[in-house]
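When a residue number appears, it is its place in the shown sequence, counting from 1. As the structure lists them, so they are numbered: ligands from 1, and atoms in each ligand from 1.
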Amino acid sequence: MATRDLNGAVALVTGASSGIGEATARILAARGATVAMAARRTDRLESLCAEIAANGGTAVPVELDVSDREAAEAAVAHAVAELGRLDVLVNNAGVMLLGPMLEAPVEEWKQMVEVNLLGLMYMTKAAVPHLLEAAEGARGVADVVNISSVAGRIARRNSGVYNATKFGVGAFSESLRQEVTGRHVRVSLVEPGAVATELQGHNRPGVKEEIEKRFVDMEILQAEDIADAIEYVVTRPPHVAISEVLVRPTEQEQ
Ligand SMILES: NC(=O)c1ccc[n+]([C@@H]2O[C@H](COP(=O)([O-])OP(=O)(O)OC[C@H]3O[C@@H](n4cnc5c(N)ncnc54)[C@H](OP(=O)(O)O)[C@@H]3O)[C@@H](O)[C@H]2O)c1
């Protein structure tokens with residue numbers, strides 16, 4: 001049984017309706033945090049909140065499209081109003097739409113920039129004042145955990161705009177870290193390699209099969225493997241900041 005050392009803390013997890021966000025919400029709730037679970041698919045959120053409650057945790061659903069700035073601000077305000085504070089923001093919502101640049105629908109690029117990068121920035125800007133306030137309390141720190149990717153470190157053919165958004169997340173995170181770390185808000189970057197989730201399923205036919213081919217002979221990660229890294233980051237003692245964690249399947253070369 002996990003130590004409930006996040007008792008009294010409030011976490012907001014975006015993209016909590018599936019994959020890494022869902023696993024993260026479960027694990028943070030098991031550690032005692034009250035979790036605001038945000039995404040567009042509220043039916044999924046509601047059943048996950050019920051499951052967490054049945055296991056003795058507390059979670060609330062928050063309907064959110066992170067690419068809508070006003071909605072992002074309202075989601076943070078709503079979580080703080082309903083749950084009283086905000087200690088941890090996990091910016092996990094993301095889309096990965098790959099394929100050769102010359103053939104790509106520009107709408108896919110726009111969606112990736114608006115969700116992966118701008119959405120994460122809107123959420124962070126709205127949350128930081130509350131995190132700064134929380135860091136002055138008994139826990140002594142607050143956390144922003146930004147989910148980037150191996151794709152935020154290494155650019156690959158057919159992945160240019162996704163790479164650009166995740167490289168951007170890295171730059172934004174490091175700059176923000178320098179701005180707020182002196183006031184005990186830790187900013188961490190978690191960079192997964194290939195994880196078995198719904199992420200690649202949103203790609204166009206042809207592109208999807210190409211992605212699947214790349215990992216067909218490999219044991220890839222499970223969402224829980226990344227949630228585990230996020231749990232580690234946010235449960236360090238107040239004087240320890242884990243700035244960056246890169247987690248790959250053992251067999252993934254790049
Ligand atoms: N899977 C991998 O191999 C891998 C590798 C490296 C990094 N990552 C990163 O991990 C993060 C989570 O992805 P995943 O693998 O867990 O994929 P996933 O199962 O597809 O989850 C993506 C989540 O993002 C949410 N989302 C998408 N667009 C949104 C929007 N406009 N507003 C709010 N929420 C939105 C989805 O919820 P709704 O559709 O309900 O809104 C869903 O909950 C992403 O940032 C991804 O880039 C994944």
Side-chain angles (χ1 to χ4, degrees), residues 12-27 35-49 59 61-76 89-98 107-108 110-124 145-154 156 159 161-170 172-173 189-203 208 211-212 214-215 218-230 244-249 252 254:
L12 171 54
V13 180
T14 69
S17 58
S18 62
I20 294 167
E22 173 183 343
T24 302
R26 275 203 189 96
I27 214 161
V35 185
M37 302 180 67
R40 294 167 302 174
R41 289 172 293 174
T42 49
D43 52 335
R44 299 275 296 257
L45 296 177
E46 275 158 19
S47 57
L48 288 161
C49 288
V62 180
E63 183 172 7
L64 171 64
D65 178 343
V66 290
S67 67
D68 175 339
R69 180 161 67 94
E70 284 177 11
E73 290 166 359
V76 171
L89 170 66
V90 182
N91 277 313
N92 163 77
V95 281
M96 178 189 77
L97 303 167
L98 306 184
E107 274 310 308
E108 290 190 348
K110 194 164 174 279
Q111 189 187 353
M112 284 191 282
V113 171
E114 288 181 349
V115 175
N116 301 2
L117 198 49
L118 272 176
L120 175 145
M121 291 173 177
Y122 298 150
M123 291 300 293
T124 305
V145 183
N146 289 334
I147 309 306
S148 176
S149 171
V150 168
R153 285 194 174 212
I154 303 162
R156 288 175 57 88
S159 177
V161 179
Y162 185 64
N163 286 134
T165 64
K166 295 300 191 182
F167 272 68
V169 169
F172 177 73
S173 302
L189 197 61
V190 173
E191 300 157 309
V195 188
T197 67
E198 298 174 10
L199 193 70
Q200 68 192 40
H202 304 295
N203 281 277
K208 197 171 149 223
I211 302 169
E212 279 163 2
R214 193 176 156 214
F215 298 108
M218 194 184 295
E219 182 178 354
I220 63 171
L221 301 171
Q222 297 301 312
E224 290 70 22
D225 297 320
I226 303 304
D228 196 33
I230 296 167
E244 198 167 353
V245 187
L246 172 62
V247 187
R248 290 186 176 103
Q252 184 175 340
Q254 54 169 326

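To the nearest 0.5 angstrom, Met123 atom CE is 13.5 Å from Leu118 atom CG.
Within 4.0 Å of ligand 1, protein heavy atoms come from Gly15, Ala16, Ser17, Ser18, Gly19, Ile20, Ala39, Arg40, Arg41, Leu64, Asp65, Val66, Asn92, Ala93, Gly94, Val115, Ile147, Ser148, Ser149, Tyr162, Lys166, Pro192, Gly193, Ala194, Val195, Thr197, Glu198, Leu199.
Take Glu46 and apply the salt bridge (Lys or Arg N to Asp or Glu O under 4.0 Å) test, not counting sequence neighbours, and it matches no residue. In this structure Ser17 satisfies the side-chain hydrogen bond (donor to acceptor under 3.5 Å, both in side chains) test together with Arg41, sequence neighbours excluded. For Asn91, the side-chain hydrogen bond (donor to acceptor under 3.5 Å, both in side chains) criterion is met by Thr124, Asn146, not counting sequence neighbours.
A heavy-atom distance below 4.5 Å is found between the side chains of Gln254 and Arg156.
Remark: side-chain polar atoms of Asn203 are paired, donor with acceptor, to backbone N or O of Met96 under 3.5 angstrom.
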